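Here is the structure we will look at, set down as structure tokens.
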Amino acid sequence: MNELQFLTWVRGPGLDAAVAIFLLGTVWRLIEIYGLGRKKDLAAPRLTPGASGWHTIVRRSVPPEGMFKQSPVTYVGGYVFHIGLAAIVFLFAPHIKLVEGLVGLSWPGLPSQIVDLVSVVTLAAMVVVLVDRIKRPVKRFLSGFEDWFTWAVTFLPVLTGWLAVQHLLLPYTTMLALHILSVEVLLVTLPFTKLFHAFTVFGSRWYNGTVNGHKGVPV
Amino acid sequence: MSATLEKGVRVLKEVIDAPIASYFNSCVHCGLCAEACLFYTETGDPKYTPIHKLEPLRRVYEQEYTWLGRLAKAVGLAKPVTDAELHEWQELVYNSCTLCGRCSVVCPVGNDIVYMVRKLREGMSASGNAPDGIKGAANRTVTIGSPMGVKLPAVKAQMKHVEEDYGIPIPLDAEGAEYMVMLSSMEIINFPEYLGAIAKIMRQAGKTWTLCSTAFEATNAGMQIGNSDLARVIVSRIVDGAERLKVKCVISPECGHAYTALRWEGANLIGRPFTFQVKHIIEVLGEFQEQGLLKTEGMETDRLTFHDPCQLARRGGVIQQQRRLMKQIAADFVEMPDAGFMNWCCGGGGGASAIEEGEELRLEAFKKKKSQLEAVKPDRLVTACANCRIVLEEGLEHYQMDIPVIGLTETIAEHIPDSVDKEGA
Amino acid sequence: MRANRILDTLAGQGITRRAFLKYCATLASLMALPPSAGKAFADALAKAPRPSVIWLPFQECTGCTEAITRSHSPSIEGMLFDMISLDYQETLMAAAGHQAEAALHEAIQRNMGKYLLIVDGSVPLGLDGAYSCIAGRSNLETLKEVAAGAAAIVAMGSCAAYGGLPKANPNPTGAVAVSDVIKDKPIINIPGCPPIPVVMTGVLAHFLTFGGLPELDRLGRPKAFYGETIHDRCYRRPFYDQGKFAKTFDDEGARKGWCLFELGCKGPVTYNACASVKWNDGTSWPVESGHGCLGCSEPDFWDAGGFYKALSMPARPLKLEPAAIAAGVVAGAAIAASSRSRKSAAKAAHETTTLADLEK
Amino acid sequence: MTLPDIPVAAATGTLTGNARAVLGEVATLLDGLLRTGEGGLIDIRGLPMSPADRQWLLEQLGKGEVEILMDIGGRSRIVETGLPAVWWIEHRNEHGVLASEFVQVAYVPELISAHPDDVESGLEALRSRISELS
């Protein structure tokens, strides 16, 4: 298989299979998780402005009072790499083109130099959070294979994408194919690892906000 | 698998629901919950990371309620939960967790960790892995009626003393009263001034109220140990009493978990909504204050600060009332760092104070409170939870800090004028 | 045509030393060699003898031959024919039939082991090679025979280099590249559909000057011409970097000459020199004329997901997704139902905890 | 209709900074020429420059006193820039299309000077002409 055939495979059958597994896994896991259901809360609710699941979905993106200084690396690193990932995934023109090719939706992107800069910053932030995971006793204590694995699976698409655009290390065609392949690995992995928090984070925040909002506590 | 373990796991299977499934799938091991937990911040031991305390629950969830987990279990790749493990986890689930809920409000993915600890305790208690201290308290509450073994005659004796001291009659079993006042046995034994304070406050506000002979004890060791069956037995007495006396509102005493047990868990335990309201005494005082029914004279002049009981503030949503009340009677009221919603636990909530073997750890964790107090150097410390009060006193004594701890309700009552005529009760 | 010094041959056609120097400087520039290499070319070529070249056409369209001959003298590519002794080329030679066959065999005999073999067209292997025969012999037989005496082989065009259009899915003739048949000779691939004529000249100049093959990439292509992508050298690259793309072939972006990436340009994955050398005597090239690169110098470019699909788009429509979602719903519903029944069973089996149960 | 008539053309683009780098290279080569007598050649088309870059470079170098035109397989033009010993060389093919373009740093571009071999054959031709005349 030559580079172009490899690229054509990852853009064709490989992408099809990866997206299929991703969708299958996501639908299955969402039903598996939320199908468990929960009991209705019979206690009389206390209504307080700002205390609801929806509020918590938004509010929990901001560090609670006093927490930022407890672990600034976790917060700053986390913000930078999540926002960076979102910007790269959704605002890089070729990625928008991919979404358009898949579902027909399109929107304006960012100039590639900016995406380039964001990629470098994102990679740096991911390295920082990895080092923090190694060095900070709590994180190291909590970490298992899955934590290291999912870090790598998230890091590689950004790295290969950046290398491909910069024409570094390998010919562009090969690097682009590796980039798409690494994204496919990410897609296949996502529903079955802690990366699934990309979906469940909304459910979790909503439940937390709703349970506590019932008590009138804006968490 | 032993019979008790089997029972414990079965109970966990009963209580695992969609929120728990969502929470476990959301955790990214960021470790921020540890930074919110005083047992970690004061010891630096990563095993006290809140999410780690739920390890057995997580595995039961995965092995029972996910395809991949069931597959792993079927081929022998999953590590089953064992009795020895649950026993080992006792320290993490009870001794080092006060259900303070700080972890639940900092988790960036929104995991309600304390909700899960509460559920894990169901399985722990059903499998016989609850600490002896709380078991004893639960035993006494169910068999005698209160965790400290207080019976009705003791209450009646207390009532008599108060009636004599304050010259105000204490109603018992007064049908149709607006408020039914609950007590905690700490208040009956250690802080009798609470009952007198209630009498003065109610007289001034012109409200009808009563004690209940079949339900005077508000604390619920069944909830602390994490067993809904026992908690239901205890809460049912209060429901029966309130419904028998046809009261409009049941007032939870200055006790954090009693409030949670009655206000938020009660209806769910008995499986139907209450026919009466439940309010914490601080909420009631807050309403009286707003309605102009709480008139005080004079101010405390020494420096006072307020310790928010977790179950009242962060877990109960009563945060501003106590501050307004403090300002009415204290000229020099100062706030500790993190006070209010993010206040640090005294270290003895959620039943932890009943665990003898947890005392050393509890005192270690108290350093957090110590540093909070050192930041504002108060003359006296006010709170609204009898359990906090005991734990604070123990801690302060251990660290040789001379700061008296007082209850907010009786402190306010001290400022209510004694004249009966003006109030027209 | 006897082999003699190239410069003498050129002089005979009125080409002076200065014209030759100018030609060599331009050639070195096109090959992205240091400017000083122009002089090295000139010095070496002036002394080098003209090599014998045999050109075999197989399963092809003659487009490659057209591309080279149409750019004939007086352009520099035309000098190719002055630098070599082209002893066999079916399309160009006057001889036909048995006479032509005789010329071929004579050339082979006379220059055994020294001649350069140029092949255009793929080699069909289906039906024992019967899909393409010349003089009653299959291309496969001819190739094996002629290659045996060659010093080196130049696979001219994408068909000879990779199998070409004939190899397009489903490849009815069993077409393969020259390199799939011949394993024991040095092979230079000059892919393109057609290839850029000057690449041929450059390779020949290199062969004559330095006596060997130029540096080749992984696909056997001279790095001098195939070292960078179309995208790297494209004058529209700044628009790509700014995120300015033509969305259709007649929109404002297309008129302003914005990047054609979204219209399916394969420039980023295509290694060729079009952007710097251009076509038709440097007149223009596909992207300059408003059409994206097809990627014709890459293997299997016709099966690479469509000419008008952006590289970042799926190469073919996704097919498995509806079934995957349905399977996900079924799997999810099955496990959820199973979980709920397990939970109900646990509830049904609930024994009310008594104080005694708190003990083990 | 000719190519410029087609209303599709890329904007001439903006300055990329590459032309600036050429100026630095020219300075280095000039310095070398003064110290060792050896100049050098810069291949303009080998650099990724926009039309605006090229124009800018031409303006910076300026125009000198010498302009040499050669008709050798298409027109070639060798122009001295405003900087002595810096030459702009354009080679066109017989259609007049630009084939290659260089900046040369030399006292005299070598393409102009005659080759000894050619001088020799010229001398031979002259001698035989003289002998024919006598």
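Every chain is numbered from 1 and lettered A, B, ... according to where its sequence line falls, protein lines coming before strand lines. Predicted model, so just to flag it, every value in this text is computed and none were measured.
- To the nearest 0.5 Å, atom CH2 of residue D:Trp87 and atom OG1 of residue D:Thr81 are 9.0 Å apart.
- Under the side-chain contact (heavy atoms from CB on, under 4.5 Å) criterion, C:Glu252 pairs with C:Arg255, C:Lys256, sequence neighbours left out.
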Worksheet item: Stepwise, does the salt bridge (charged side-chain N to carboxylate O under 4.0 Å, His left out) test hold for C:Lys278 with C:Glu288?
Response: CA-CA 9 Å; C:Lys278 302 194 185 178; C:Glu288 192 172 339; 3.2 Å; yes
Worksheet item: Between D:Ser76 and D:Ile89, does a side chain to side chain contact (heavy atoms under 4.5 Å, CB included) hold up when you go through it step by step?
Response: CA-CA 7 Å; D:Ser76 285; D:Ile89 304 178; 5.9 Å; no
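- Looking at D:Ile112, the atoms closer than 4.5 Å to chain C (heavy atoms on both sides) all sit in the backbone: N, CA, C or O.
- Residues C:Phe249 and C:His291 bring their aromatic ring centres within 6.0 Å.
- Residue C:Ala275 does not touch chain D at all, counting heavy-atom pairs closer than 4.5 Å.
- Residues of residues 103-111 of chain D placed with any heavy atom under 4.5 Å of a heavy atom in chain C are listed by number as D:Glu110, D:Leu111.
- The backbone N or O of C:Tyr271 sits less than 3.5 Å from a side-chain atom of C:Ser297, completing a donor-acceptor pair.
- Look at C:Arg18 and D:Asp118 and you find no salt bridge, because none of the NZ, NE, NH1 or NH2 atoms lies under 4.0 Å from a carboxylate O.
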